[in-house]
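This report refers to the structure that appears directly beneath it.
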Amino acid sequence: MTDAKGIGKGRLFLALAALFLSSMCTLGDLVINPIVANLYEVFAGSPEWLINLGITGPALVGLPFGLLAGVLCDRVDKKWVMVVGFAIFTVSAVFGAAIENIYYFVALRLCATGIGWGITNTAALAILADLFTDEDEHGKFVGWYNSAMSIIGAIMAAVAGVLAVTAWQDAFYTYVISIPVLIMLIAFLPAFPAKKNEKAAADKTAAASAQKVEAGWWKPLIPLTIQVFFVAICYFVMLYMMALFVADSGVGDEAFTGMLASVGTIATAIGSFVFGGAYKKLKNAVYLPALFVMGVCFVAMGLFPNPAVTIACVAIAGFFWPFYFCFFYTRCTELVPASKAGTATSIVALSDGLAATGCSYLLTGLISATGLTSVALWPTFGIVLFIVGAISIVWFAATRKKNAQVAEN
């Protein structure tokens, strides 16, 4: 078993640097965002559904590969799951615009930020769970990973936007940085072999007990996975559908929407950085205030749609989102045996990914069904967060009471 205590500080620093930099794969879509309009012009003769597949399709493709990566992480060396996933991303992303052909573009997009994202996101978080077995340390580094991801994503989007001014294909030069990152992953990540259940090797009684635990390992994940979907789909409406809110409310233009994206990203980076300290003090209650605060942000934006309120609410929600995002990626590995940590990570990642995919359909579906604008519907998502928050408080209290009774016995 490989953990942070078993490797030198220098090797640990380099391994974490490689792992944090690899998060560029997760936010690889930010390189595409500045050239979306160009793609519809360049491939104007192609079916619109095919262009859409190249732009948003990777999110769907990545989901099953995330599950596959989780299973593999519990069976083979996590380092090589990570390396293979990031290698797929690197090759596909760097050469993503080498040929101006819609089928070529779509195929490499699906490989880069579809297959590549699905594998590396799960593998990276599974590796962090292996490196930091202490719950507080684990939470802190999951937060730092998400903070690094936000900062890297903001830098990539800015660089891609500047490069795309010359030609849309030039935005893809941003991905060249993935080549040295891939080399770093190969050189600095230690081996993370699959974990065996130590109890099973002790004696027949322990083996039977371990087998029983393994058989129902997934049950504690059910409520968490459901919760992740509902919380994430609400926040992703704010994250991905902000342009629609801005247009309907008249609070700004495209430049204002871009500024909101930057504000939210920076706030998320800050929130992720401080998550570890908050988790150490509040433990599994760390996310509860975040649900209500994000809910208030939705309600305030819907009731008082003006630039100042919008900026403030996006910043506040962006800051508190990682208190939930980092929590569920930390908590999922604590709920299952160590031998199932990778699979558990992939399951909650699937729920998170489904929420990201479905948020646009949810909002536009509600608009079509009710005839209301996005501004009028915005408070609805706040109400959902309030309801989830109230249920979560009851769930948290019941779980704490049950754990206290078990400890007494």
Side-chain angles (χ1 to χ4, degrees), residues 135 139 142-143 218-241 245 264 267-268 271-272 274-275 278-304 309 312-332 334-335 344 347-356 358-359 362-363 365-366 369-370 372 374-406:
E135 188 177 350
V142 169
W218 50 272
K219 292 180 181 179
L221 284 177
I222 294 176
L224 179 63
T225 303
I226 295 172
Q227 183 195 63
V228 167
F229 179 79
F230 282 103
V231 175
I233 201 168
C234 289
Y235 180 72
F236 288 148
V237 164
M238 183 182 291
L239 185 65
Y240 293 119
M241 304 302 289
F245 175 87
T268 296
S272 300
V274 302
F275 168 78
Y279 185 69
K280 187 175 182 178
K281 293 181 179 179
L282 299 175
K283 298 297 182 182
N284 296 329
V286 68
Y287 74 95
L288 293 174
L291 300 186
F292 293 98
V293 172
M294 290 191 294
V296 169
C297 290
F298 271 105
V299 173
M301 289 175 69
L303 296 181
F304 310 102
V309 170
C313 288
V314 167
I316 293 170
F319 176 82
F320 277 95
W321 163 245
F323 282 76
Y324 184 69
F325 178 87
C326 298
F327 162 78
F328 73 74
Y329 271 123
T330 302
R331 181 61 177 159
C332 70
E334 305 293 338
L335 290 172
I347 290 173
V348 294
L350 174 65
S351 184
D352 185 55
L354 287 173
C359 67
L362 175 61
L363 180 58
L366 287 173
T370 63
L372 300 173
S374 62
V375 180
L377 289 168
W378 220 245
T380 304
F381 302 103
I383 294 171
V384 172
L385 287 171
F386 293 153
I387 294 172
V388 174
I391 294 172
S392 298
I393 289 176
V394 175
W395 177 32
F396 172 77
T399 302
R400 187 168 64 173
K401 182 178 180 181
K402 181 180 178 181
N403 290 340
Q405 291 174 343
V406 171

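What you see is a predicted model; the values in this text were computed from it and never measured.
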Out of the candidates L291, I226, I383, only one should pair with V388 under the side-chain contact (heavy atoms from CB on, under 4.5 Å) rule; please name it. L291
How many angstroms lie between atom CD1 of I347 and atom CH2 of W218, to the nearest 0.5 angstrom? 10.0 Å
Heavy-atom neighbours of F230 CZ exceed 12 at 6.0 Å: no
Looking at every non-hydrogen atom in both residues, tell me the closest pair between P379 and V375 and how far apart they are. CD-O, 3.5 Å
Can you tell me how far the OG1 atom of T268 sits from the CG atom of L239, to the nearest 0.5 Å? 7.5 Å
Mind listing the closest non-hydrogen atom pair of P322 and G271 along with its distance? CG-C, 3.6 Å
Measure the spacing between CG of L224 and CG of L335 and express it to the nearest 0.5 Å. 6.0 Å
Could you work out, with side-chain contact (heavy atoms from CB on, under 4.5 Å) as the rule, every residue matching A267, not counting sequence neighbours? F319
Search all heavy atoms of Y240 against all heavy atoms of A356 and return the closest pair with its distance. CE1-CB, 4.2 Å
Just jot down the side-chain contact (heavy atoms from CB on, under 4.5 Å) partners of L354, sequence neighbours excluded, or say none. L63, F229, L350
What's the spacing between Q227 CD and R331 CZ if we round to 0.5 Å? 10.5 Å
Quick one: pull up CG in L366 and OG1 in T380 and give me the separation to the nearest 0.5 Å. 7.0 Å
Using 30° and 60° as the class limits, which term best fits the ring planes of F328 and F325: parallel, tilted or perpendicular? perpendicular
Do the two ring centres, one from F327 and one from F323, sit under 6.0 Å apart? no
Check for me whether the distance between the ring centres of F236 and W321 falls short of 6.0 Å. yes
Whether W378 and F298 hold their rings parallel, tilted or perpendicular, with breakpoints at 30° and 60°: tilted
If you compare all heavy atoms of M301 against all heavy atoms of V314, which two are closest, and at what distance to 0.1 Å? CE-CG2, 4.3 Å
Any donor and acceptor pair, going by atom type alone, linking the side chain of S351 with main-chain N or O of T225 inside 3.5 Å? yes
Taken to the nearest 0.5 Å, the spacing of Y324 OH from L288 CG works out to 10.0 Å
